[in-house]
Amino acid sequence: MLDKTFTPKDAEPRLYAAWEDSGHFKPKDDPDAETYSIVIPPPNVTGSLHIGHALNNTLQDVLIRYHRMQGKAVLWQPGTDHAGIATQMVVERQLAAEGNISRRDMGRDAFVERVWEWKEKSGGTILNQLRRLGASCDWSRERFTMDEGLSKAVIKVFVELHQQGLIYRDKRLVNWDPHFQTAISDLEVENREIDGHYWRFRYPLADGSTYRFPIAHDEDGNPTEWEERDYIVVATTRPETMLGDTAVAVHPDDARYAGFVGKSVRLPIADVEIPIIADEHADPETGSGAVKITPAHDFNDFMVGERHNLPRVNLFDRQASLLTEDDGMGGLDRIPPELRGMDRFEARKTIVAMMDDLGLLDGIDDKKVMQPFGDRSGVVVEPYMTDQWFVKADVLARDALAAVEDGRTTFHPKSWEKTYFEWMRNIQPWCISRQLWWGHRIPAWYGPSIVLLENRGDHHLIELDYNEPIPFVAQTFEEARKVAFRHYEKTDGIPNVIKSSGEHIYDGSFDLVADRQAAMSDDTLEIALWQDEDVLDTWFSSALWPFSTLGWPEETEELKRFYPTSVLVTAFDIIFFWVARMMMQGLHFMEEVPFPDIYIHALVRDEHGAKMSKSKGNVIDPLELIDEYGADAVRFTLAALAAQGRDIRMSKDRVEGYRNFGTKLWNAARFCQMNDCRPHPDFDPKTVKATVNRWILSEAEAAAKAVSAGLDTYRFNEAAGAAYRFVWNVFCDWHLEFAKPLLSGKDEAAKAETRATTAYVLDIAMKLLHPFMPFVTEELWSQTAGEGGRDTQLIVADWPRLDGLVDAGAQAEMNWLVDLTTDIRRLRSESNIPAGAKLNAVIVGASAETKARLDRNGDLLKRLARLDAVTLGDTIPDGSLQTVIGEATIALPLEGVIDTGAEKDRLAKEIAKVEGEIARLDKKLGNERFVANAPAEVVEGERAKRADYAAQKDKLSEALARLG
RNA sequence: GGGCGAUUAGCUCAGCGGGAGAGCACUGCCUUCACACGGCAGGGGUCGCUGGUUCAAUCCCAGCAUCGCCCACCA
């Protein structure tokens with residue numbers, strides 16, 4: 001005998017272990033089976049399960065379990081992401097907390113080793129938490145983005161893209177995170193509006209000349225007042241960069257400055273002359289119309305600088321403090337000695353004060369400004385000149401764009417395609433190098449460039465220039481060495497060279513060594529080859545996930561079977577980071593989209609609709625919910641709320657409600673058990689005779705089809721809702737009640753049929769719910785087994801594919817009985833008849849069909865509506881409660897018991913309601929254009945409704961009249 | 001500045017051209033032999049506002065208002 005309730009805490013670990021032991025998480029071996037695969041969006045190895053993961057993985061598990069039950073070979077590929085910055089951060093913090101030496105003191109190798117240790121020890125947390133949720137991943141295939149195999153894929157992809165000219169190295173402005181001292185991509189920058197200022201500076205004209213500048217205008221914009229100026233006013237939100245200005249730009253059409261283009265201003269403090277140039281970037285409407293140009297510290301200015309060939313003067317070191325050493329870009333000379341080494345924000349204050357002292361501060365305006373922050377570090381990001389590796393994302397985007405345009409891949413809901421298109425069409429070069437230690441080290445080795453100093457005919461005087469190194473990209477050092485050899489051999493003068501600083505002549509022999517300190521020995525010219533210090537953006541490896549996890553570049557069996565995957569399930573916040581990049585890499589390297597469907601689900605938000613985050617402290621912990629209500633309840637809640645295109649606001653009440661639903665199912669099974677409803681191996685649903693049984697089979701078929709349809713179209717909420725309504729509102733509320741008299745009756749044949757049917761339908765209910773509530777259903781499955789036990793665990797049981805069980809006659813009859821029962825109960829309740837009181841019912845004006853139905857279901861009606869007797873009559877007894885079902889009037893004689901006044905009120909209210917409906921329909925049917933234009937069946941339907949209401953009204957009026 | 005979405009019962013949300021729905025909360029009755037994590041019955045909404053299309057609009061279109069999100073180089 002089942003307990004009264006299910007105990008998730010005890011059952012979940014046991015059931016999960018049983019599934020895993022049975023091997024059902026692995027794709028089945030049948031080579032003929034249709035395949036179905038999903039790669040998990042790999043959580044950060046540092047992560048712990050938050051509610052967003054819970055939603056994401058619940059939906060995936062629902063799909064996986066659904067398709068597994070359909071007999072497919074199903075692979076849910078799990079794994080984690082190495083999460084460069086995040087992980088490095090965690091370990092560094094740990095080092096600091098333990099009072100250990102810092103990353104830099106440890107050195108690269110020791111630090112990386114330390115991170116691996118951490119990963120082995122603590123990296124599996126989130127995957128274990130997924131197990132608690134019930135995720136049926138194939139854990140034997142667990143992957144990590146820095147696994148040997150995946151790393152091989154990453155390196156191969158980098159090298160091939162480089163060979164194809166799609167990866168290149170460039171010195172340009174990048175988003176620089178001064179905290180982590182690394183470049184980050186555009187996507188990792190979070191723009192936030194803050195209260196800032198515009199500082200207006202006066203840059204004196206270099207030649208000391210003056211001009212009249214309009215300072216007031218009339219309504220038409222014509223100047224009315226002027227002042228004499230010997231300076232140009234520029235504004236900035238970042239005064240600390242002014243020392244790097246290399247021009248002042250004005251608009252070519254700006255009359256106010258027309259005479260100044262080509263002249264110069266003297267840049268204060270730095271004390272250098274910089275030109276006034278004409279460029280459309282300057283907006284005459286904004287500020288003074290003149291704008292300072294700082295090519296090394298501003299993205300716009302960088303472009304202006306390119307157009308006008310302006311020098312790029314960098315001011316900052318890697319921590320965004322003013323330079324203390326010469327970087328070869330001329331910035332140091334512009335920085336007064338007392339400012340060198342000063343932090344950027346300190347420098348800002350100091351420079352403003354200095355300008356003020358010089359009488360060159362024109363004013364300060366308060367203004368809201370958008371400021372870029374590093375999404376991980378939270379510090380202000382600086383545009384910074386560095387050498388970095390970039391992907392030509394625009395080229396790769398073409399195919400990825402086309403694949404969605406032509407429908408090879410479809411977003412669900414489709415509206416996200418617009419977002420995808422928008423970004424893909426405006427895609428920028430992707431900066432993929434990171435100045436970190438934890439990640440895939442870039443497979444590029446540098447050698448010095450050769451500077452030919454002198455051609456001496458049979459030999460040359462050269463110099464090795466280590467400041468302008470040449471990158472050699474290859475999968476291994478040995479490969480890079482070969483490439484480098486070819487390069488240097490081709491370079492004029494490598495054979496027969498003279499070392500620049502010496503007089504030794506080398507006779508064509510040189511060697512390449514992996515040592516940056518390499519130089520020359522007496523008989524061999526040694527050229528150093530050293531590997532790039534940087535690692536790749538974490539998303540570079542994530543982009544390969546759908547094929548790298550399946551073994552690529554090896555042509556594995558899994559790759560053949562499971563690529564392309566069936567669907568990607570993810571939240572919209574990583575469409576750009578991840579989805580778009582998987583599309584690009586998948587198409588480029590596999591020449592096939594990584595997935596035909598992309599299901600974008602909502603973000604789980606807090607009660608105010610804000611994104612949940614640790615820093616806001618508004619996080620709902622799914623593990624706590626699981627502890628309290630069980631995994632099934634949490635899963636069902638998430639699925640039921642996963643309507644397309646909306647945010648989900650989690651509430652505990654909801655979880656509790658669905659926990660109760662699990663209990664309801666549990667007790668229905670308990671009832672079946674108590675009544676010997678056991679699955680019968682020979683049961684054929686097509687042969688059942690009792691109306692009740694034919695009816696519940698009809699309903700079961702409809703429910704199974706609704707659940708399947710919902711899951712086939714990623715409408716998880718509809719699928720969950722259909723299952724919920726079927727189990728609670730149909731099977732429990734009505735079928736079990738209908739079945740009770742049969743189960744306790746004397747007709748053994750009917751009893752046996754009802755037992756078998758009820759058990760059969762309970763099995764269907766468990767199957768339909770299994771993808772959503774795997775634990776409680778699996779537990780019940782094992783505990784409700786018939787004589788022969790179960791052939792399989794529920795996890796691999798056949799998904800219900802019911803057909804041909806719909807019986808319209810049975811449905812009509814049982815719906816009639818439901819209506820009749822409900823109506824009588826309502827009469828009782830509204831007239832305050834004690835629940836225990838048994839009444840008689842007299843049916844007046846019954847048709848032959850109604851009589852037959854009463855004949856068949858009279859006992860059932862008596863039980864459900866708590867009646868003593870149901871009889872047919874010609875007249876309505878005095879003092880009856882009355883209601884109308886179809887053509888018949890139901891009377892509950894209560895002479896002397898009922899409150900006539902109250903009953904009159906009740907009837908009058910009901911009549912008014914019916915009259916309202918009739919009036920509405922009359923208006924509609926009286927409209928000629930409705931009758932003429934609406935489809936015939938709609939018009940017919942409305943007419944029929946009106947007739948029903950009219951008949952009902954007549955009977956109710958009659959009843960009222962009889963009360964006097 | 002551009003784009004997307006939301007506005008439906010007290011709360012959280014479904015529905016989306018032809019009679020307004022769910023969960024929770026609320027009211028009344030019921031410890032009826034599966035279930036009080038329950039049963040039965042009920043109350044509660046002019047579906048943000050204004051126009052338009054249509055025989056018919058909560059649903060389609062336009063505008064407005066409010067809220068939210070994403071993207072963007074305005075100094």
Side-chain angles (χ1 to χ4, degrees), chain A residues 2 4-6 186-187 191 198 200 234-238 249 281-283 285-294 298-304 369-370 383 415-416 418-419 422-423 426 572-573 575-576 603 605 607-611 629 633 637 640-641 643 645-675 717-718 721 724-725 732-733 736-737 740 744 821-822 825-830 832-836 863-864 866 917 920-921 924 927-935 937-939 941-942 945 949:
Chain A
L2 288 167
K4 268 198 160 184
T5 55
F6 176 59
D186 300 345
L187 290 175
N191 287 299
Y198 279 165
R200 297 195 308 273
V234 293
T236 180
T237 55
R238 293 156 64 219
H281 169 63
D283 177 3
E285 305 295 319
T286 304
S288 66
V291 55
K292 61 196 265 315
I293 302 297
T294 324
D298 182 283
F299 289 103
N300 281 315
D301 294 0
F302 183 85
M303 290 188 287
V304 174
V369 291
M370 293 299 278
S415 53
W416 287 109
K418 196 161 179 175
T419 305
E422 198 58 34
W423 190 67
N426 297 298
F572 62 80
D573 57 343
I575 289 180
F576 305 143
L603 240 41
R605 298 181 184 275
E607 53 187 332
H608 307 294
K611 212 167 164 171
Y629 299 107
T637 306
L641 290 177
R646 290 275 308 233
D647 300 334
I648 292 178
R649 294 185 202 188
M650 242 342 231
S651 85
K652 265 190 160 185
D653 288 344
R654 202 87 195 213
V655 183
E656 189 179 328
Y658 290 122
R659 187 273 317 265
N660 295 351
F661 173 58
T663 306
K664 187 75 181 175
L665 175 73
W666 182 266
N667 278 288
R670 191 159 170 263
F671 171 84
C672 292
Q673 195 182 45
M674 292 167 83
N675 285 281
N717 58 318
E718 288 182 14
Y724 181 95
R725 284 188 300 274
C732 291
D733 285 352
L736 293 185
E737 297 303 324
K740 279 175 185 172
S744 59
T821 304
T822 306
R825 283 173 176 169
R826 183 170 52 81
L827 290 179
R828 298 180 59 121
S829 173
E830 287 181 355
N832 294 319
I833 310 292
R863 182 188 178 109
L864 295 172
R866 305 194 141 244
E917 293 296 324
R920 187 179 60 78
L921 289 165
K924 201 167 187 179
N927 184 341
E928 280 172 33
R929 289 185 302 178
F930 169 69
V931 179
N933 293 323
E937 70 262 26
V938 172
V939 178
E942 301 291 280
K945 272 189 250 169
Y949 282 125

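Letters A, B, ... mirror the listed sequences (proteins, then strands); counts begin at 1. Everything numeric in this text was worked out from a predicted model, so none of it was measured.
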*Is the phosphate of B/rA75, meaning OP1 or OP2, less than 4.0 Å from a side-chain N or O of A/Lys292?*
no

*Check whether the side chain of A/Lys664 and the base of B/rC35 form a donor-acceptor pair under 3.5 Å.*
yes

*Say you pick atom P in B/rA65 and the same atom in B/rA20; how far apart are they, in whole Å?*
31 Å

_Proximity to the side chain of A/Val291 - top-ranked nucleotide from B/rU12, B/rA75, B/rC35_ = B/rA75

*What pair of heavy atoms forms the shortest contact from A/Cys732 to A/Lys664, and how long is it?*
CB-CE, 3.6 Å

_By nearest atom, which of the nucleotides B/rA72, B/rG18, B/rA34 is closest to the A/Glu942 side chain?_
B/rG18

*Which of the following nucleotides, B/rA75, B/rC24, B/rA34, is nearest to the side chain of A/Asp653?*
B/rC24

_If I pick the C1' atom on B/rU50 and the same atom on B/rU66, what distance separates them, to the nearest angstrom?_
15 Å

*Watson-Crick or G-U wobble partner for B/rA6, using a 3.5 Å limit on both distances?*
B/rU66

*If you look at every strand shown and take non-hydrogen atoms under 4.0 Å, does A/Thr822 touch a base, only sugar-phosphate, or nothing?*
sugar-phosphate

_Per A/Lys740 side chain, nearest of listed nucleotides B/rC40, B/rA34, B/rC37_ = B/rA34

*Where each residue is assigned the nucleotide of RNA chain B containing its nearest heavy atom, which of A/Phe661 and A/Arg929 is assigned the position nearer the 5′ end?*
A/Phe661

*asked:* Check this one for me: any side-chain N or O of A/Asn933 less than 4.0 Å away from OP1 or OP2 of B/rC55?
replied: yes

_On the nucleotide B/rG38, are OP1 or OP2 found under 4.0 Å from the side-chain N or O atoms that A/Asn660 carries?_
yes

*asked:* Using atom C1' in both nucleotides, what's the gap between B/rG51 and B/rC13 to the nearest angstrom?
replied: 29 Å

*Whole-angstrom distance between B/rC29 and B/rG15, as gauged at atom P*: 37 Å

*Return the nucleotide paired to B/rC11: Watson-Crick means purine N1 to pyrimidine N3 with N6-O4 or O6-N4, wobble means G-U with N1-O2 and O6-N3, both under 3.5 Å.*
B/rG23

*Could you check which nucleotide pairs with B/rG44 in any of the strands shown, counting Watson-Crick or G-U wobble with both distances under 3.5 Å?*
none

*Tell me which nucleotide among B/rG19, B/rG18, B/rC35 gets nearest to the side chain of A/Phe930.*
B/rG18

_Whole-angstrom distance between B/rC4 and B/rG43, as gauged at atom P_ = 42 Å

*In the strands shown, is B/rG1 matched to any nucleotide by a Watson-Crick or G-U wobble pair with both distances under 3.5 Å, and which?*
B/rC71

*Listed nucleotide nearest any side-chain atom of A/Tyr198, set B/rG39, B/rG42, B/rA75*: B/rA75

*Of A/Ala290 and A/Lys945, the one whose closest RNA chain B nucleotide lies more 5'*: A/Lys945

*Which atoms form the tightest heavy-atom contact between A/Val234 and A/Lys292, and what is the distance?*
CG1-N, 3.8 Å

*Name the closest nucleotide to the A/Glu737 side chain, picking from B/rC35, B/rG5, B/rC55.*
B/rC35

*Taking the side chain of A/Val938 as heavy atoms from C-beta outward, which of B/rC73, B/rA14, B/rG18 is closest to it?*
B/rG18

*Could you tell me whether A/Thr236 contacts a base, only the sugar-phosphate backbone, or nothing, with contacts defined as non-hydrogen atoms closer than 4.0 Å?*
sugar-phosphate

*For the side chain of A/Thr5, counting heavy atoms from C-beta on, which of B/rC37, B/rG19, B/rA75 is nearest?*
B/rC37

*Does B/rC16 have a Watson-Crick or wobble mate here (both distances under 3.5 Å), and if so which one?*
none

*Under 30°, 30 to 60°, or over 60°: which ring-plane class applies to A/Tyr724 and A/Tyr658, parallel, tilted or perpendicular?*
perpendicular

*No-H, no-angle donor-acceptor pair, A/Arg659 side chain to B/rC37 base, under 3.5 Å*: yes

*Could you check which of B/rG28, B/rC35, B/rG18 has an atom nearest any side-chain atom of A/Lys4?*
B/rC35

*Under 3.5 Å on both distances, the Watson-Crick or G-U partner of B/rC60*: B/rG52

*Paired with B/rG38 by Watson-Crick or G-U wobble geometry, both distances under 3.5 Å: which nucleotide is it?*
B/rC30

*Exercise: identify the closest heavy-atom pair between A/Arg659 and A/Tyr629*: CG-O, 3.4 Å

*Same-atom distance (C1') from B/rG19 to B/rC64, integer angstrom*: 31 Å

